Amino acid sequence: MVRVHHRAPFLLVGYNLPTMPAVGITPEWIAELRRQLLRWFELHKRPTPWRDNPDPYRVWVSEIMLQQTQTATVIPYFERFIARFPDVHALGAAPLEEVLRYWEGLGYYARARNLHRAAQLIVQNGGHLPTTAEQLRELPGIGAYTAGAIASIAFGQPVPVVDGNVTRVLARLLWLKGDLKRHAAQKQLWQLAEQLVDPDHPGAFNQALMELGSTVCTPTQPRCPECPVTHLCEAYRRGQPTAVPEPSRRIPTRTVVDVSAIVEREGRVLLAQRPPEGLWGGLWEFPRTTRSARESLETLAIRAAEQLGIQVEPRQLLLQLRHVVTYSKIHLYGYLCAWHSGEAQCGPYRAVAWLTPEELQHYPLPAPQRKLAEALQNQTVQGTLF
DNA sequence: AAGCCGGGGCT
DNA sequence: AGCCCAGGCTT
């Protein structure tokens, strides 16, 4: 016998997939979860431009931007992007370089490249987004999560979504132990979410689950007093809301030093374009390289200059140092292999250009490089090494 | 299954 | 200054 408003009996069994509860998800429990989440969401959802006007194209753009990026960060980017590319036709017709310029600062630039490619595919197929998760999934940049999000939010399809927020909320509600990033666990979470999603309000339900995860059921400091479903939450009942989900293995990080060379000539600065794929693909940057942080600054600067193929000339060359943390390896990004009489040729870089400060505005740069460009314009670049 | 993308938030 | 976060894609 299970009573509503009372903890359902959880029984953790470990025969095959020990992360999943065998008992506890009753129809009453699900109905109460839906009711409470939908009510809470209606009261507490953050106003966003894509919620104010959820046409499929806008939902799509917002969901791509929201991958790995928080809502507050996305909003101003979304508004600028939509103002310039108001529909799929405008996006498909625009040059990639301009799309990247509007994406500048958001990171993960493959998202912009895929969005652009997908827009062109959609235009070729009549200009309408597919309406089912399965069909959406075929577009570049749309995986299981984004397909479910667009299908449920924009088209009202009763399909689930599982992202990091949903994973965390479900782990806490149902006390799911183990590494939930593993494929077997993710598969189970999708099945679970499929059972839970409200068939009458799939978009609101999915957004409610994610919104709860991002504003209340947060990773390190959950605001349980503000949570509408503590009475359904096993982690809360145990008094250990942050004990689940358990952390998964992390790739160790290393500190490296990132060196940019600012080469000026007759009021122009030297920029290089990165290869179309990989880190900062297709973006431009001041010629730069990275080296192990263990070397002395002097050695580092000399080696960096050699690496960039630039002869050290005190008045022309400025090296800006910045510490960065990468995931697992030290990147060596690109180099200029020749530098003579105003001509610069490049190795892994795709192209080089001498740009005036005005022209610099129209080229997509990674966020740290844009900051350097702005510092250069404001004449605040200091720390000359030579 | 594991690693690569790259910003921002938090401590 | 360093740790944490995370969907899609490649290998």
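Basis for what follows: all heavy atoms, side chains included, without hydrogens, waters or symmetry-related copies. Just so you know, these numbers come straight off a predicted model, no measurement behind them. Each chain gets a letter, A, B and so on, in the order the sequences are listed, and its residues count up from 1.
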Original post:
What is the nucleic acid contact for A:R182, judged by heavy atoms within less than 4.0 Å: base, sugar-phosphate only, or nothing?
Top reply: sugar-phosphate
Subject >> Out of B:dG7, B:dG9, C:dG7, whichever nucleotide has its closest atom nearest the side chain of A:Y145 >> reply: C:dG7
Original post:
Between A:R80 and A:Y77, is NZ or CZ placed under 6.0 angstrom from the six-membered ring centre and within 45° of the ring axis?
Top reply: yes
Original post:
For B:dG3, does either OP1 or OP2 sit under 4.0 Å from a side-chain N or O belonging to A:R249?
Top reply: yes
Original post:
Taking CG from A:L279 and P from B:dG7, how many angstroms apart are they, rounded to a whole number?
Top reply: 8 Å
Subject >> Among B:dG7, C:dC9, B:dG8, the one nearest A:N114 by side-chain distance >> reply: C:dC9
**OP:** Side chain of A:N165 only, please: which of B:dG9, C:dA6, B:dA2 is the nearest?
**Re:** C:dA6
**OP:** Send over the distance from A:Q221 CD to C:dC3 P, rounded to a whole Å.
**Re:** 18 Å
Subject >> Among B:dG8, C:dC5, B:dG3, the nucleotide that comes nearest once only the side chain of A:P219 is considered >> reply: C:dC5
Subject >> Within residues 48-69 of chain A: residues closer than 4.0 Å to DNA chain C (heavy atoms) >> reply: A:Q67, A:Q68
Subject >> side chain to side chain donor-acceptor pair (under 3.5 Å) partners of residues 137-149 of chain A, not counting sequence neighbours, each pair once >> reply: A:E63-A:Y145, A:Q67-A:T146
Original post:
Quick one: does A:H44's side chain have a donor or acceptor within less than 3.5 Å of a partner on A:W40's backbone?
Top reply: yes
Original post:
Looking at A:W175, is A:R238 sitting on its ring face, NZ or CZ under 6.0 Å from the six-membered ring centre and within 45 degrees of the normal?
Top reply: yes
**OP:** Looking only at side-chain atoms of A:Y109, point me to the closest of C:dC9, B:dG7, B:dC5.
**Re:** B:dG7
**OP:** Answer with base, sugar-phosphate or nothing: what part of the nucleic acid does A:P247 contact at a heavy-atom distance below 4.0 Å?
**Re:** nothing
Original post:
Does a nitrogen or oxygen in the side chain of A:W280 sit under 4.0 Å from OP1 or OP2 of B:dG7?
Top reply: yes
**OP:** Could you check whether A:A72 gets within reach of a base, just the sugar-phosphate, or nothing at all, counting any heavy atom under 4.0 Å?
**Re:** nothing
Original post:
Among the nucleotides B:dG7, C:dG7, B:dA2, which one has an atom lying closest to any side-chain atom of A:T146?
Top reply: C:dG7
**OP:** Not counting sequence neighbours, list each pair that qualifies as a salt bridge (charged side-chain N to carboxylate O under 4.0 Å, His left out) and has a residue in residues 44-57 of chain A.
**Re:** A:E42-A:K45, A:R46-A:E211, A:R51-A:E211
Subject >> Nearest-nucleotide pick for A:P366, side chain only, options being B:dG7, C:dC9, C:dA6 >> reply: B:dG7
**OP:** Could you please name the option among B:dC5, C:dG8, B:dA1 that lies closest to any side-chain atom of A:H183?
**Re:** B:dA1
Subject >> Side-chain H-bond candidate by donor/acceptor type, A:E285 with A:S260, under 3.5 Å >> reply: no
Original post:
Will you find, in the side chains of A:T132 and A:Q135, an N or O donor that is under 3.5 Å from an N or O acceptor?
Top reply: yes
Original post:
Counting side-chain heavy atoms from CB outward, which of B:dC5, B:dG7, B:dT11 is closest to A:T220?
Top reply: B:dT11
**OP:** Rounded to the nearest angstrom, tell me the gap between atom CZ in A:R113 and atom C1' in C:dG8.
**Re:** 12 Å
**OP:** Mind calculating the distance between NZ (A:K181) and P (B:dA2) to the nearest angstrom?
**Re:** 13 Å
Original post:
With a non-hydrogen cut-off below 4.0 angstrom, is A:R168 in contact with a base, only sugar-phosphate, or nothing?
Top reply: sugar-phosphate
Subject >> Exercise: do A:N114 and A:R111 side chains pair donor with acceptor under 3.5 Å >> reply: no
